[in-house]
Amino acid sequence: MNTKKKFSFRKAFKYISVGLISMVLLWVAFHQVMVFFEKKKYEASGQLVDVNGTKMHVHAEGDGSNTIVLLPGLGTSAPVLDFEPLVGELSKNHRVVVVEPFGYGWSEKTDKDRTVENVVEEVRTALQEAKIEGPYILMPHSIGGIYSTYYANTYPEEIKAIVGIDPTLPAAVEYFDVPITTMPGFLRAVAPSGIARIVVAGNEEDFLPLAEEGTYSADNLEITKTLTVWNGYNKNIIMEANEISNNIAKTINMTFPSDIPVMIFTPKDEKVNPAGRSTMTFYEEQLTNVVKSKIVPLDGHHYLHWTNAKEMSKHVGEFISGGE
């Protein structure tokens, strides 16, 4: 009698396990089919250019004597969509370009290490392939600050100015004495497995810009959710996050070239730590050698362009034209 019960339990466990595995495989297959059709429905808005045999997305709008190149922060799944209000304002007077690095937006993924050298060379190649000539005004958000620092030091003749959106600069970790966060490798499974689709569906607001109604169109927000499903925690974002420490080590002694104008947007009301240090004091120290510089505090949080596109565009126009 006991033997039969034990056998029945094992048999039931086996069927349940097979059933669960089958459900998971079916879900992954369903997710991949959905991605296939979604990519047909939501095509890239700009050019898909060849960079070392892999396609990178470059979106350009507007016209003018200045070419502003926007670089996204770490993990921004859909940079073109995220920057849309800012692009709309800046492109009234300037040529504005959004380069989506590998693993972001409509760009494909790569197996190349996310070193600062590789990322910068890929951005340069993408701009060249898209026939977008410099010199450029680099406008990096967050981690883009490290790449812009390297770019300006390696190819200063290609940079006309830098305008940072609360940019991460190499010396920040040492200045604030904070650890560099990393991402566990298993998160790579989030995008291809379809887990991101479930998470986004259940927590939509967590993946959308915190902006006033009407700032982003309904279509923009819908496509943003879709691209978050495609790109959330993909392998290139994980690789990039885990390369930050090495990239900082390579650029820690770099400052902006003194003859390149630099303006930085930073959130207001930044708290001062017990050592008397804040984001404002950090940026002030980083710009001491720059002949022309300006720091602009704005209301908002790290993604300042969500709520300050018009004001930021006005400041950019004044700064690069020589006004205050």
Side-chain angles (χ1 to χ4, degrees), residues 46-47 49-60 62 64-74 79 83 90 94-104 107 110 112-165 167-172 236 239-240 243-244 246-265 283 286-294 316 319-320:
Q47 301 181 60
V49 298
D50 185 273
V51 178
N52 302 320
T54 307
K55 296 298 183 183
M56 184 176 284
H57 185 220
V58 179
H59 174 98
S65 58
N66 295 304
T67 298
I68 300 173
V69 178
L70 286 156
L71 301 175
L74 177 67
F83 283 130
L90 290 171
H94 315 285
R95 190 177 195 193
V96 185
V97 182
V98 181
V99 178
E100 296 189 318
F102 289 131
Y104 290 77
S107 293
T110 181
K112 293 190 70 174
D113 292 334
R114 298 296 77 208
T115 63
V116 64
E117 298 95 333
N118 286 345
V119 172
V120 168
E121 290 302 327
E122 289 160 2
V123 168
R124 290 184 71 237
T125 301
L127 290 168
Q128 292 164 5
E129 290 294 317
K131 308 301 182 188
I132 296 172
E133 298 180 354
Y136 312 111
I137 296 172
L138 295 182
M139 197 165 183
H141 173 230
S142 194
I143 199 68
I146 291 176
Y147 306 132
S148 295
T149 301
Y150 182 86
Y151 198 140
N153 277 271
T154 308
Y155 305 103
E157 69 282 359
E158 297 181 13
I159 307 302
K160 183 175 182 178
I162 293 175
V163 179
I165 306 173
T168 300
L169 300 181
N236 286 160
M239 291 165 67
E240 183 179 13
E243 193 66 31
I244 290 175
N246 292 331
N247 287 337
I248 286 177
K250 294 172 183 176
T251 55
I252 191 66
N253 294 319
M254 291 183 181
T255 58
F256 292 121
S258 61
D259 59 344
I260 294 180
V262 180
M263 179 167 68
I264 292 177
F265 293 108
Y283 286 142
Q286 293 302 299
L287 298 180
T288 53
N289 70 305
V290 178
V291 174
K292 181 181 178 181
S293 66
K294 188 175 183 180
V316 170
F319 184 72
I320 61 180

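- Side chains of Ser142 and Leu74 form no contact here, defined as non-hydrogen atoms less than 4.5 Å apart.
- At least one side-chain heavy atom of Ile143 sits less than 4.5 Å from a side-chain heavy atom of Ile146.
- Side-chain contact check for Ile137 versus Thr67: every heavy-atom pair is 4.5 Å or farther apart.
- Taking all atoms of both residues into account, the shortest heavy-atom contact from Gly46 to His57 is N-NE2, 2.8 Å.
- Formation of a donor-acceptor pair under 3.5 Å by the Lys294 side chain with backbone atoms of Pro261 is not found in this model.
- The side-chain heavy atoms of Ile264 and Gln286, taken from C-beta on, include no pair separated by under 4.5 Å.
- Panel note: side chain Thr251, backbone Tyr150; no donor-acceptor pair is recorded below 3.5 Å.
- Tested against Val98 for a side chain to side chain contact (heavy atoms under 4.5 Å, CB included), the candidates Val58, Leu70, Val69 yield a single pass: Leu70.
- Under the side chain to side chain contact (heavy atoms under 4.5 Å, CB included) criterion, Asp50 pairs with Lys55, not counting sequence neighbours.
- Within the 4.5 Å cutoff, side-chain heavy atoms of Arg124 are placed close to those of Glu158.
- Asn153 places a side-chain N or O within 3.5 Å of a backbone atom of Thr255 that can act as its donor or acceptor partner.
- The backbone N or O of Phe256 sits less than 3.5 Å from a side-chain atom of Asn289, completing a donor-acceptor pair.
- For the pair Ser107 and Pro101, the minimum side-chain heavy-atom distance is 4.5 Å or more.
- At distances below 3.5 Å, at least one donor-acceptor pair connects side-chain atoms of Asn118 with backbone N or O atoms of Asp113.
- Under the salt bridge (charged side-chain N to carboxylate O under 4.0 Å, His left out) test applied with Arg114, the options Glu240, Glu243, Glu122 reduce to a single match, Glu122.
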